[in-house]
Amino acid sequence: GNHYIGSAYSDLGKFKESIKHIHQAQAYTDFLKADPIQDSKNYALLGSNYMHLDLFSLSAKNFKKAIDIINTIKSLFKN
């Protein structure tokens, strides 16, 4: 649920509040290990929030992590 709360705060332009909720969502490591797509969404949302706060280094770091997770998922389905 914290991801969706964070997403709503981001949509409202409350980026720092969004970041707090995404960090809370990331605390559920067992769930995220089982659902790497959700993990990737968390990092992508963090990247977006940091971008809106002009924290471009943190933004790029989180977007890269989101892409790395997706690439890992893609490699699981290659023959």
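We count residues from 1, following the sequence as given.
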## Note on the structure
For Tyr28, the other hydrophobic cluster members (4.5 Å side-chain criterion, sorted by chain and number) are Phe31, Leu32
### Summary
Value for CD1 (Ile22) from OH (Tyr4), rounded to nearest 0.5 Å, stands at 10.0 Å
### Task
Begin with the C-alpha distance, continue with both residues' side-chain angles, and end with the deciding distance and a verdict on side-chain contact (heavy atoms from CB on, under 4.5 Å) for Leu53 and Leu58.
CA-CA 10 Å; Leu53 293 170; Leu58 282 172; over 6 Å; no
### Query
Can you tell which of Ile37, Asp39, Leu45 makes a side-chain contact (heavy atoms from CB on, under 4.5 Å) with Lys41?
Ile37
### Query
Got more than 12 heavy atoms from elsewhere within 6.0 Å of CG, Leu12?
yes
### Message
Under the side chain to side chain donor-acceptor pair (under 3.5 Å) test against Asn42, which residue among His21, His3, His23 passes?
### Response
His3
### Message
Running the 4.5 Å side-chain criterion over Ile, Leu, Val, Met, Phe, Trp and Tyr, what cluster does Ile5 land in, apart from itself?
### Response
Tyr9
### Task
Not counting sequence neighbours, which residues clear side-chain hydrogen bond (donor to acceptor under 3.5 Å, both in side chains) with Ser40? List them please.
none
### Message
The criterion is side-chain hydrogen bond (donor to acceptor under 3.5 Å, both in side chains); which residues satisfy it with Asp35, sequence neighbours excluded?
### Response
none
### Task
Could I get the full list of side-chain hydrogen bond (donor to acceptor under 3.5 Å, both in side chains) partners for Lys61, not counting sequence neighbours?
none
### Message
Test side-chain contact (heavy atoms from CB on, under 4.5 Å) on Tyr50 and Ile19; report intermediate values, then the result.
### Response
CA-CA 8 Å; Tyr50 287 130; Ile19 290 168; 3.4 Å; yes
### Query
side-chain hydrogen bond (donor to acceptor under 3.5 Å, both in side chains) with Asn49: which residues, sequence neighbours excluded?
Ser10, Ser18
### Task
Enter the distance from His52:NE2 to Lys16:NZ here, rounded to the nearest 0.5 Å.
14.5 Å
### Task
Determine whether Leu46 and Lys65 make a side-chain contact, defined as any pair of heavy atoms from C-beta on separated by less than 4.5 Å.
no
#### Entry: Side chain to side chain, Tyr43 and Lys64, heavy atoms closer than 4.5 Å
no
